[in-house]
Protein chains: 2
Amino acid sequence: MSLPHAILTALLERPSSGLELTRRFDRSIGYFWSATHQQIYRELGRLEESGYIRALAPEQPARGRKKEYEVLPAGREELTGWVAGREDPKPVRDPLLLRMRAAAVVGTDGLPVELRRHLALHESQLAEYRDIEARDFSPGPNPDAAPAASEADRLRHLVLRAGIDLERMWVEWLTEALRESDTAPAGPEGA
Amino acid sequence: MSLPHAILTALLERPSSGLELTRRFDRSIGYFWSATHQQIYRELGRLEESGYIRALAPEQPARGRKKEYEVLPAGREELTGWVAGREDPKPVRDPLLLRMRAAAVVGTDGLPVELRRHLALHESQLAEYRDIEARDFSPGPNPDAAPAASEADRLRHLVLRAGIDLERMWVEWLTEALRESDTAPAGPEGA
DNA sequence: TCTGCCATGTAATATGTTACATGATTGT
DNA sequence: ACAATCATGTAACATATTACATGGCAGA
């Protein structure tokens with residue numbers, strides 16, 4: 001039940017149309033909750049029906065016309081309640097780890113190539129996050145002179161650092177995995 | 001498309017019935033790919049129909065009777081091909097990070113309690129992984145004298161270390177998040 | 001007018017979750 | 001006989017993915 005709350009958060013940050021939301025889900029919000037435009041349009045319909053959001057500048061029932069949405073008080077309340085609620089962390093679900101486990105049974109053919117590819121992807125993502133951090137959360141040359149970060153900025157920086165920590169973890173783990181597979185002779189294991 | 005391959009891997013490690021698989025998906029395999037018994041039974045049916053697995057000790061079409069499955073050569077080939085294939089890492093999808101982003105807009109009421117709860121859960125999971133590592137992959141007092149780990153063991157250890165690294169990352173991140181929210185006064189942000 | 005892109009949407013399918021149903025086996 | 005548990009399954013629903021459809025608008 002996270003997608004509706006992701007959309008409410010995005011719309012509170014800035015009222016948007018479906019396509020604008022889709023683009024924001026390809027960047028900032030999408031860094032920790034991805035969604036396609038089909039999901040977003042469907043969910044916008046539901047949220048409107050529930051009275052959590054409403055369309056601005058109406059009188060345009062046409063199909064190809066832009067439709068902006070804003071959050072209603074009921075939507076803000078719903079989101080506030082969700083933030084305060086309980087939700088256990090989901091168990092990890094990672095196809096790459098599964099493939100490594102499978103490789104322990106049927107052999108590692110083709111795996112190192114894939115590990116190198118993933119390493120490059122994670123390094124690239126890490127670099128992107130670090131750029132964002134330098135741009136949006138740089139402390140400046142004299143931290144004491146800078147204004148104290150707002151609570152909202154502090155939270156957004158924390159979320160970004162989770163992304164950075166995660167990517168760094170994968171980069172380190174993949175590097176170690178490749179180092180080992182270079183050292184050990186990697187013959188087929190599945191005989 | 002990972003669940004069928006998770007099941008093929010599990011069945012190659014050891015032929016099992018549906019319920020036995022379910023239990024293994026609550027432990028070892030479930031640490032990086034979870035599944036309920038309903039998913040497993042449905043997928044077992046499909047895999048059998050595709051000719052990837054077959055039921056052992058047949059002649060028992062009854063409902064409550066145990067049914068063991070084993071992997072056929074076609075199933076092993078399918079799995080080998082999947083291991084060698086390409087599959088991009090999925091973007092992160094984490095409700096807790098989403099909630100922190102939402103909290104930046106509507107306020108942090110109730111969040112610290114939840115962060116502490118998650119911290120305890122991750123610490124517990126980390127401890128469990130470390131127990132498994134000590135039990136199954138301990139180098140012993142004299143590593144040089146111990147037999148070299150097999151390629152399969154090396155891979156399984158790597159997968160376990162990914163789990164350990166992930167949990168440790170969350171423990172550290174949550175600890176830092178709590179330390180900051182103790183320092184900074186956490187007033188409602190959504191005014 | 002034609003092409004390309006902006007924008008919203010439908011349809012079909014796949015996967016995952018929750019609740020419930022049925023039969024078999026074992027111990028009391 | 002009964003209850004508890006093992007074991008396999010169905011049904012309904014929710015969510016996510018993929019492919020396609022429709023209309024508006026701007027410029028060549």
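Chain A is the first sequence line, chain B the second, and so forth, proteins listed ahead of strands; every chain is numbered from 1.
- Remark: His37(B), Gln38(B), Tyr41(B) in residues 25-47 of chain B come within less than 4.0 Å of DNA chain D through at least one heavy atom.
- Residues from residues 2-11 of chain A that place a heavy atom under 4.0 Å from any atom of DNA chain C: there are none.
- Judged as a salt bridge (Lys or Arg N to Asp or Glu O under 4.0 Å), and not counting sequence neighbours, Arg116(B) has no contacts.
- Taking Glu176(A) as the reference, Arg179(A), Arg161(B) meet the salt bridge (Lys or Arg N to Asp or Glu O under 4.0 Å) condition, with sequence neighbours excluded.
- Following rounding to the nearest Å, Lys67(B) (NZ) and dG23(C) (P) show an atom-to-atom distance of 16 Å.
- For the segment residues 84-101 of chain A, the set of residues with a heavy atom within less than 4.0 Å of an atom of DNA chain D is empty.
- Take Arg168(A) and apply the salt bridge (Lys or Arg N to Asp or Glu O under 4.0 Å) test, not counting sequence neighbours, and it matches Asp165(A).
- As a whole-Å value, the separation of Met1(B) CE from dT18(D) P is 12 Å.
- Applying the salt bridge (Lys or Arg N to Asp or Glu O under 4.0 Å) test to Arg117(B) and every residue at least two apart in sequence or in another chain returns Asp88(A), Glu114(B).
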query: Could you go step by step and tell me if Leu166(B) and Trp170(A) meet the side chain to side chain contact (heavy atoms under 4.5 Å, CB included) rule?
result: CA-CA 9 Å; Leu166(B) 272 174; Trp170(A) 283 115; 4.1 Å; yes
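- Judged as a side-chain hydrogen bond (donor to acceptor under 3.5 Å, both in side chains), and not counting sequence neighbours, the contacts of Tyr31(A) are Glu128(A).
- With His118(B) contributing its side chain and Glu87(A) its backbone, the two residues share a donor-acceptor pair below 3.5 Å.
- Shown here are the side-chain hydrogen bond (donor to acceptor under 3.5 Å, both in side chains) partners of Thr175(A), two or more places apart in sequence or in another chain: there are none.
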Can you give the donor-acceptor pairs under 3.5 Å from side chains of residues 13-20 of chain B to other protein atoms, not counting sequence neighbours?
from     : atom 1 : to        : atom 2 : distance (Å)
Glu13(B) : OE1    : Arg101(A) : NH2    : 3.3
Glu13(B) : OE1    : Arg24(B)  : NH2    : 3.3
Glu13(B) : OE2    : Arg101(A) : NE     : 2.9
Ser16(B) : OG     : Arg14(B)  : O      : 2.9
Ser16(B) : OG     : Arg24(B)  : NH1    : 3.0
Ser17(B) : OG     : Glu20(B)  : N      : 3.4
Glu20(B) : OE1    : Ser17(B)  : N      : 3.0
Glu20(B) : OE2    : Lys66(B)  : NZ     : 3.3

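- Counting to the nearest Å, the C1' atom of dA7(C) and the CZ atom of Arg23(A) are 9 Å from each other.
- Proximity of Thr22(A) to the phosphate of dA7(C): no side-chain N or O atom is located under 4.0 Å from OP1 or OP2.
- Distance Leu56(B) CG to dT8(D) P: 13 Å, rounded to the nearest Å.
- Every residue two or more places apart in sequence or in another chain that forms a side chain to side chain contact (heavy atoms under 4.5 Å, CB included) with Arg135(B) is listed here: Ile132(B).
- Considering only residues two or more places apart in sequence or on other chains, Thr22(B) meets the side-chain hydrogen bond (donor to acceptor under 3.5 Å, both in side chains) condition with none of them.
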